[in-house]
Amino acid sequence: MIALNGITKRFGAHTVFENIDLTLEQGEIIVVIGPSGTGKSTLLRCINYLETPDAGRLTVGNLSLDVAHASRRDILALRRRTAFVFQNYALFANKTALDNICEGMIVVDGLSKAEAHARGREILERIGLTDKANAYPASLSGGQQQRVGIGRAMAAKADVILFDEPTSALDPEWVDEVLALMKHLAQERQTMIVVSHEMQFAREVADRVVFMDEGRIIEQGPPDELFTNPQDERTQRFLRKVLANNPIV
Amino acid sequence: MHVLDLDYMLGLLPILLGYLPLTLEMAGAGMLAALVLACLLAVVRVQRTPGLNALAMLFISFFRGTPLLVQLFLFYYGLPQILTFLVAINGITATILGLTLHFSAYMAESIRAAIVGVDRSQTEAALSIGMTQGQLMRRIVLPQATRVATPTLMNYFIDMIKATSLAFTLGVTELMGATQKEAASSFLYFEAFLLAAIIYWVVVEILSWLQRRLEKRLNRAYQR
């Protein structure tokens with residue numbers, strides 16, 4: 001189970017969000033939607049401590065910590081249970097595709113190089129990049145880089161994978177292959193929280209869609225309900241605007 | 001008119017080359033020590049370690065702000081008057097010490113810039129999979145910073161080789177000191193110093209060639 005209780009984040013005097021509560025069951029897929037600048041990404045980054053939350057409680061599996069009093073050890077433990085996929089891929093430029101995937105297994109999990117490489121090759125197969133094992137990020141397309149980014153997250157065997165707008169930086173031609181891989185993970189019931197503007201993906205893949213606006217969770221529910229019958233006026237307005245440009249088929 | 005005495009130069013060549021190892025040893029030892037010190041200084045500067053950061057800044061400021069020759073005289077002639085246990089310091093050690101401190105100050109700044117230049121998102125990615133700060137530095141940041149800093153560091157090494165010639169002012173008979181002695185006895189100053197210049201030049205050219213090969217190798221991962 002993943003639970004956020006009363007998570008609060010401020011940048012100086014500006015409160016990004018306050019008292020956010022969100023709970024996921026193992027194997028649940030949540031897509032977070034909402035206007036830009038409403039704190040969706042920041043919330044995601046707080047779960048992995050890439051941003052330090054100011055107050056609240058984070059629970060991932062059997063690890064539960066009060067964010068205001070988290071020790072360095074707590075933070076490391078939390079990060080080992082969560083994995084992150086970045087908008088700009090953030091691959092290690094000095095490492096091949098295979099080594100990007102294996103790095104965490106070797107350095108963090110303490111696997112031998114041989115074990116890590118065996119698992120790394122399995123993952124490369126699942127992300128469809130067996131032939132790119134020894135390619136460096138600079139020689140990969142955006143779509144391939146993001147698939148490696150997802151592979152790196154898969155290798156962490158985390159309780160939850162956090163996707164921060166994983167297709168926003170991609171050329172349109174590469175979006176589908178990344179979404180297809182994410183769908184594949186969803187079918188395997190990999191727990192994930194996805195911040196995305198891909199409404200079609202949310203509709204097809206999410207168990208639950210969460211709508212955030214101005215630092216608050218306004219409304220959440222199964223995609224069929226939220227997309228066809230949004231209750232809150234702000235959700236309605238947002239969906240009208242977004243779906244007018246990109247209707248869901 | 002004075003004609004270049006080639007026979008004299010040919011005869012002098014093996015004599016001067018005999019002093020080249022000492023020159024290279026001083027530069028090599030200075031470079032190794034300076035690299036270690038510069039890395040430490042750079043990490044302190046990047047992480048803004050309280051207290052140490054201010055000390056590092058003072059150190060860098062002093063050793064970049066004063067001439068190397070002044071520093072060498074200060075260590076060799078000056079310091080032993082205050083710290084009497086240093087009386088036994090010989091010219092070679094003093095030179096290596098001076099080169100180390102002087103060049104580490106410059107090198108620290110280029111290493112720091114190279115570290116800061118590594119894409120911030122890779123740092124986040126490393127942290128996100130649970131790496132510690134130390135692992136992040138060792139496995140991700142420093143290897144990439146090395147590539148960026150290598151050309152500048154090689155330039156400092158080249159500078160350092162040439163700067164070993166100042167050791168002659170501390171009474172060390174290295175390449176420059178030997179040339180001075182030979183020239184003084186033959187009175188063929190032009191031939192002697194021209195030959196010394198050519199030896200330095202050839203050594204530096206060989207290093208520049210090595211530098212280009214090294215850079216090519218380091219850039220392999222970044223080719224599209």
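Order of the sequence lines fixes the chain letters, A, B, ..., with proteins taken first and strands second; residue numbering starts at 1 for each chain.
- For B/Glu25, the salt bridge (Lys or Arg N to Asp or Glu O under 4.0 Å) criterion is met by no residue, not counting sequence neighbours.
- Contact tally against chain B (heavy-atom pairs below 4.5 Å) for A/Phe86, A/Phe92, A/Phe84: the top residue is A/Phe92.
- The part of A/Arg45 that comes within reach of chain B is its side chain, from C-beta onward, which places non-hydrogen atoms under 4.5 angstrom from that chain.
- Listed for the A/Asn94 side chain is a donor-acceptor partner under 3.5 Å among the backbone atoms of B/Arg139.
- In this structure, B/Phe157 places its CZ atom where more than 12 heavy-atom neighbours from other residues, nucleotides or ligands lie under 6.0 Å away.
- The main-chain N or O of A/Ala93 is found under 3.5 Å from a side-chain atom of B/Gln122 such that the two form a donor-acceptor pair.
- For chain B, the nearby part of A/Leu91 is the backbone; its heavy atoms alone come within less than 4.5 Å.
- When each of B/Arg147, B/Arg120, B/Glu124 is scored by its heavy-atom pairs under 4.5 Å with chain A, the top score falls to B/Glu124.
- The 12-atom threshold is exceeded at CD of A/Gln26, counting heavy atoms of other residues, nucleotides or ligands nearer than 6.0 Å.
- Here the closest non-hydrogen pair linking B/Ile140 and A/Glu103 is CD1-OE2, 4.2 Å.
- A 6.0 Å sphere centred on CZ of B/Arg217 holds no more than 12 heavy atoms belonging to other residues, nucleotides or ligands.
- For B/Met131 against A/Leu76, the heavy-atom pair with the smallest separation is O-CD2, 3.8 Å.
- Ranked by non-hydrogen atom pairs under 4.5 Å with chain A, the options B/Ser128, B/Pro143, B/Ala126 are led by B/Ser128.
- Minimum interatomic distance between A/Ala90 and B/Ala125 (heavy atoms only, all atoms of both residues): O-CB, 3.4 Å.
- Atom CG of B/Leu127 and atom CD1 of A/Ile75 lie 10.0 Å apart (nearest 0.5 Å).
- Between B/Ile129 and A/Arg79 there is no side-chain heavy-atom pair separated by less than 4.5 Å.
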